[in-house]
Amino acid sequence: MEVLGERIEHYHSDGQLDHLSSPQSPMQNVYLPHVQRLAQVKLRIGHAQARNTAKMVRNGKCPTDPVLLWVDCLGVLTTALEISQVSAAREASVEAEILLLMGKVQKMLVYQGKYQARSAAGTLLEAIKISFINDHDLGLMRQAYLEIALIYLYSSGLITVKDGSFLESVAGDSSDEVSVASSRTERKYKRSKEDVVPEESNLKRERSRVEREETEQEKERRCAWLAVRCATAVATAQRARGLLVGDTAVTSQRVGEKSTGEVPDFLGLDLLSGYVLGEKKKVYKNEIEEELASLIEAQEVKVSETYDDQVNKARVAAKELSWIHLLGYQSILQRLVSTATTSVSTQLTDRPGQEDGEGEDGGLSEMDLGFISHAQFDTGLNYDVVRYMLHSGLWCMRLTQMHGYLCNNLKVYAADCCAPYPPPGLHMTGQAQFPTDLNITIKSYASNLSLNSEIDAESLSDDPLSSARAPLPPGSQLDSYKPVDRVSASGQDTELSIQWYQPGLEESDPGRCEAIAADKRIVLLYAISRRTSAQSSPQLTPGFIWVSLHKVNDLHDRLALLSQRAEISLVEKVKKEPTTPSPTPAKSKKAQRIKALSPKVQRDEQLENLLRQCLDDACSLTGVIPEQGATSGTDFPFEVSKVNIKNLESMFDPSLGLTLKGSDLLPWLVKLFP
């Protein structure tokens, strides 16, 4: 860029701060393709710095104050965002990932007490909104919701942080905070009354001040509860999108039967056109045909076909496509743009906690139904690489159009496969904490921003105090489909949402500071809503527990086997519908004594024994001592049915999680959490 005429501001010739070098403001030529590449390089530099800083903080080997290292990372990422926003070739996916990583770094500064929690949550919400109106990356939005949940768990006092990265849950039930705070107020009032009788106005002012503090704390806990529910809703959409390709009621339909809009041109050309990237498709049946292809082409009469002719033919032929072609095409695009679909698993040895009687695969021998145990593999997310490929902007634009087309033309996709838009309850304004006072080295390019854009970035921000942002990236669909908000309101019954969070910046369990790689720890986030009566307000209880990843994988593998076995051996009870008695002739006494014998349902004792072991493992996973006789004999705390076993398997799936309500599983599941 310097050779092409840009003025570059360099930092230190010895190379220690070269990562802060950036073009001077205003930039001379925002149409250079190097501008967007520079933003992506800055993103990768900031990502590598954040990973290295997190490892140094965790191992206690920081050469300087950790705050300075995190501030350095934040400065590089903020500059990357500024550069991307002024580039003529902006990519929404890159900006969403920059904002996600910025939110993670700001979260670590929140743990250090140097950044406002609500400002960090606002950065993550902006990442969610940009992804929502563009390529709709479910994985990125779910990750951002989980980060928001951790931020509000910390700011509301449910989490304490030791040595910068060790997260520990505060003892005590969060549902009792209101009563505890009110009793604290009473004690303060009694003590002050014994010493000096204050004026009535001072008492009212003191009570109102304490009540305001309690209200702010309750709001932040509600935000943590709401963020976990939003993340679970995104996980539900991920599960539905994965299962949609196997729904014959959808995949058997043709696009032209119910579609009201035109199929995107690039889709028709890629699937149906005779040309790919300007070259004719060549498919040969055998080697002989391939060798003779040049001779055959030389004898053929070449017909010139314009681009419009190709597009018109593809549009007509696209009506005969089925929905499985479109869903498969969308899946291929997602694999092209994202590294999240790349599995990087390594086999682990010397697994801790392997008990006697377990097989080599980590499961009991009687549970071997052909499944492969994942307990001896590191199945965690690969945080050592950025999420989006370097040259993925074109494919992300196609993903945006594909998502919009499917939402408008495939009802089941719009209803089940879309993430929830950030609800108003997650937007916290009026921060009461101290202002952020950090010396962050950034380069602003506000003078390069276009002021005549039709899309205004203020429509994404609900905070009137937030500074003006750049216009939205090109291709953003502000009128995109937004599902009905089903996460903000709590139902009449008890509800439980579970999510599994794999730390991205080396957050660790203080109880296992020296945990080896084979005993990787992850966070179980839960959100419980209880109602004592129909008239009372619900008690919202968010929280988290450190658990072992290999034990979660082992338990999920066993529950997956149980779910398969339940499909074979269990028979669902058919509810009898009440029928009106019909007048029938009187029967003789002998006929009345003869009754139809219903077939006796045979119990699968082996399945029940395996289920009993899984329930004990679930209790040990969360550190709860199982009740004596709760699962002994033939009695279970819930009905042994296909639905309940399937819900258990989905609940302990570390890749997704579940929201459960209206089930007899809930009384037992709620007891697993403090």
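More than 12 heavy atoms of other residues, nucleotides or ligands sit less than 6.0 Å from atom CG of L295. Heavy atoms from other residues, nucleotides or ligands lying under 6.0 Å from NZ of K411 number 12 at most. Heavy atoms from other residues, nucleotides or ligands lying under 6.0 Å from CE of M397 number 12 at most.
Once rounded to the nearest 0.5 Å, the distance linking OH of Y413 with SG of C418 reads 5.5 Å. The line from SG of C230 to OH of Y421 is 12.5 Å long, rounded to the nearest 0.5 Å. In this structure, the separation between CG on L77 and SG on C73 is 7.0 Å, given to the nearest 0.5 Å. The line from CD of E262 to CG of L267 is 12.0 Å long, rounded to the nearest 0.5 Å. For the atom pair NE2 (H325) and CG (L272), the distance works out to 8.5 Å, reported to the nearest 0.5 Å. Atoms CE and CG, on M389 and L336 in that order, are 8.0 Å from each other to the nearest 0.5 Å.
No hydrogens or angles considered: a donor-acceptor pair under 3.5 Å links the side chains of H391 and R37. Side chain to side chain, Q330 and R398 fail the donor-acceptor criterion of an N or O pair below 3.5 Å. Judged purely by distance below 3.5 Å, without hydrogens or angles, the side chains of Q238 and R241 never pair a donor atom with an acceptor atom. H47 and D384 share no donor-acceptor pair across their side chains, judged by distance under 3.5 Å alone. Side-chain polar atoms of D653 and S650 form no donor-acceptor pair below 3.5 angstrom.
Using modelled atom types, one side-chain atom of E6 and one backbone atom of N29 make a donor-acceptor pair closer than 3.5 Å. At distances below 3.5 Å, at least one donor-acceptor pair connects side-chain atoms of T400 with backbone N or O atoms of D135. A donor-acceptor pair under 3.5 Å is formed between the side chain of R51 and the backbone N or O of G504. Under a 3.5 Å cut-off, the side chain of T123 and the backbone N or O of Q106 do not form any donor-acceptor pair. Not one N or O on the side chain of S476 forms a donor-acceptor pair closer than 3.5 Å with the backbone of L472. S131 places a side-chain N or O within donor-acceptor distance of the main-chain N or O of D137, the cut-off being under 3.5 Å. Between the side chain of T236 and the main chain of T232, a donor-acceptor pair closer than 3.5 Å is present. Under a 3.5 Å cut-off, the side chain of Q253 and the backbone N or O of W323 do not form any donor-acceptor pair.
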Derivation of the side-chain contact (heavy atoms from CB on, under 4.5 Å) call for L271 and L321: CA-CA 9 Å; L271 297 183; L321 292 174; 4.0 Å; yes

(message) Could you walk me through whether Y388 and L140 satisfy the side-chain contact (heavy atoms from CB on, under 4.5 Å) test, starting with their C-alpha distance in whole Å, then the side-chain angles of each, then the deciding distance to 0.1 Å, before giving a yes or no?
(response) CA-CA 10 Å; Y388 286 97; L140 184 146; 4.1 Å; yes

(message) Does F132 form a ring pair (Phe, Tyr, Trp, His ring centres under 6.0 Å) with H136? I'd like the steps, not just the answer.
(response) CA-CA 5 Å; F132 188 95; H136 207 81; 4.9 Å; yes

**Prompt:** Going through the checks in order, is the side-chain contact (heavy atoms from CB on, under 4.5 Å) test met by S84 and E91?
**Reply:** CA-CA 8 Å; S84 178; E91 297 178 10; 5.9 Å; no

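With salt bridges taken as basic N to acidic carboxylate O contacts below 4.0 Å, one links E507 and K107. Remark: E97 does not engage R387 in a salt bridge, criterion side-chain N to carboxylate O under 4.0 Å. For the pair D554 and R558, the salt-bridge criterion is met [side-chain N within less than 4.0 Å of a carboxylate O]. For the pair E649 and K646, the salt-bridge criterion is met [side-chain N within less than 4.0 Å of a carboxylate O]. The existence of a salt bridge linking K443 and E9 is confirmed by a sub-4.0 Å separation between a basic side-chain nitrogen and an acidic carboxylate oxygen.
When every heavy atom of P473 is checked against every heavy atom of E95, the shortest pair comes out as CG-OE1, 3.7 Å. Contact detail for P422 and L125: the closest heavy-atom pair is CB-CD2, 3.9 Å. The shortest heavy-atom contact between M56 and L69 is CE-CD1, 3.9 Å. Contact detail for L244 and T251: the closest heavy-atom pair is O-CG2, 3.9 Å. Looking at every heavy atom in both residues, I98 comes nearest to L43 through CG1-CD1, 3.9 Å.
Each of T79, V76, L20 was checked for a side-chain contact (heavy atoms from CB on, under 4.5 Å) with I45, and the lone residue meeting it is V76.
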